[in-house]
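Following: one structure in structure tokens, then a few remarks.
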Amino acid sequence: MTTPGTPTGPTRTKGGELRAKVARLLADRPTDKLTIGEMARQLGHSHGAVRNAALTLVRRGEADQSGTGVPEFRANAKTAAAAQTAVISPRGTHAPRAQAATARTTIPAAATPRPTGPIRRAGGQVYHPRELADLPDVEALNRLRDADVPVLLYGPPGTGKTSLVEAAFPDLLTVAGDGDTTVGDLIGEYTQADSGGYVFQYGPLVTAMTEGRALLIDDATLISPKVLAALYPAMDGRRQIQVKAHKGETIKAEPGFYVVAGHNPGVHGAVLTEALSSRFSVQIQIGTDYDLALALRIDARVVRVARHLAHQVELGELGWAPQLRELLSYQRTEAVLGTKAALANLIGIAPVEDRDAVADAVIKAVGVKKIAPLTLGKQLPAPAARQPPGSTGSAHRGRPR
């Protein structure tokens, strides 16, 4: 049985060999922009394998990528040379475990330059890498993906967990978890077609598995443990799931399939169960980089307030502090409505139980007497009626000229 999105009878090759094939196809059509689907059909390989090869060419500077929805790939000046050889990259190829292990034992970590500059995410936003285990965080996550080591990112909302994963994995699919997330939201379910009949629509988990893509389960600890249990067989040694709702179909994971989860401790309803925790061998705490906030030219007084409040949170004296998301929101609000309104909004978005403490910290840092949450005031008076052009007023009405 074939899995969805996988051509019948795909040819098996090593990652470096397929990368050379993809490079050769692009080099033979230098003026064309090709999608993953077009290349997979022409080469007779799975979408996931071709995607991994194409993305590796882009990371090595041997092809160009464009398109915000369906990515398109095009040859550049280095593509023809890449088509002549099949060299397996030591990092970032998302190859099977055996290839990744061989690469790690034969090439020192310091041999490959580390990306340290800003990275533009798929939506156009810029991500600034941070240090993780003596590596840029995006590189560390790619190495963990190569070794098939699942990662759990945890920390307060707004610290950049999702941004990091989007920057690390351009092929990312995301499931936004909550208490209403169902097994169908992960695996798929029947939907009504235009013809009136019902067809089975595969979910993001099946798509990620069959296309060899990364999958982020955001707010995973808000999802029912019974629902998450549907994910576990795809993450262990079996690397497959059974879709009971669709004829008991067996879905096998292509090389490159990888799972990352996000957890917001302290959020109401977020429970990190032992079953979920045990599936993620690496768990990384994510906090706000206040030095980055200063580098982004956010008001230094507000950053100082955020640091102070964050310290109180660590001591257990407070439950909330502004994270990078709130600081960036402050900066945008200040640019549009001014400093006073931005400060008032910062206080207003704090939880009610922490609002007075946040207001006191803002007042002390800024030096104002009083500031309250952003609130509508009195109704403005109606503007005076304007006289029509050429009119000289009521005193002249009806006066003969």
Note to self: To the nearest 0.5 Å, what is the distance between CD on E334 and CG on L346?
What the structure shows: 11.0 Å
Note to self: Nearest 0.5 angstrom please: L292 CG to L328 CG, how far?
What the structure shows: 8.0 Å
Margin query: Is there a side chain to side chain contact (heavy atoms under 4.5 Å, CB included) between L215 and V260? Walk through the geometry before answering.
Written below: CA-CA 6 Å; L215 178 68; V260 186; over 6 Å; no
Checklist line | Distance (rounded to the nearest 0.5 Å) between I36 CD1 and E72 CD | finding: 10.5 Å
Next item on the list: Kindly indicate whether a cation-pi arrangement holds for R120 with Y127, taking the cut-offs as under 6.0 Å to the six-membered ring centre and within 45° of the axis.
Entry: no
Checklist line | Evaluation steps, side chain to side chain contact (heavy atoms under 4.5 Å, CB included), between W320 and I349 | finding: CA-CA 10 Å; W320 181 87; I349 63 178; 4.3 Å; yes
Check: When rounded to the nearest 0.5 angstrom, what distance separates CD in E38 from CG in L25?
Finding: 9.5 Å
Item checked: Heavy-atom closest contact (R145 atom, G256 atom, distance) -> NH2-O, 2.8 Å
Checklist line | Stepwise side chain to side chain contact (heavy atoms under 4.5 Å, CB included) check, L141 with L132 | finding: CA-CA 9 Å; L141 257 61; L132 175 62; 4.1 Å; yes
Check: Is it true that K161 and D219 have a side-chain N and a carboxylate O under 4.0 angstrom from each other?
Finding: no
Notebook entry, point to check: If we only count heavy atoms from C-beta on, is the S277 to L152 side-chain gap below 4.5 Å?
Noted result: no
Note to self: For E189 and Y202, which I'm curious about, is there any donor-acceptor pair between the side chains at under 3.5 Å?
What the structure shows: no
Next item on the list: Check V183 against A230 and note the closest heavy-atom contact, atom names and distance.
Entry: CG1-CB, 4.1 Å
Next item on the list: Check the surroundings of atom OH in Y198: do more than 12 heavy atoms from other residues, nucleotides or ligands lie under 6.0 Å from it?
Entry: no
Margin query: Between the side chains of E211 and R213, is the shortest nitrogen-to-carboxylate-oxygen separation below 4.0 Å, so that they form an ion pair?
Written below: yes
Note to self: Under 4.0 Å between a side-chain nitrogen and a carboxylate oxygen: does that hold for K33 and D64?
What the structure shows: no
Margin query: Y154: which residues meet the ring pair (Phe, Tyr, Trp, His ring centres under 6.0 Å) condition with it, sequence neighbours left out?
Written below: none
Checklist line | Lys/Arg-Asp/Glu bridge criterion (N-O < 4.0 Å) met for E166, R121 | finding: yes
Check: Would D289 and L324 count as a side chain to side chain contact (heavy atoms under 4.5 Å, CB included) if you check the C-alpha gap in whole Å, the side-chain angles of each, and the deciding distance to 0.1 Å?
Finding: CA-CA 7 Å; D289 184 350; L324 186 59; over 6 Å; no
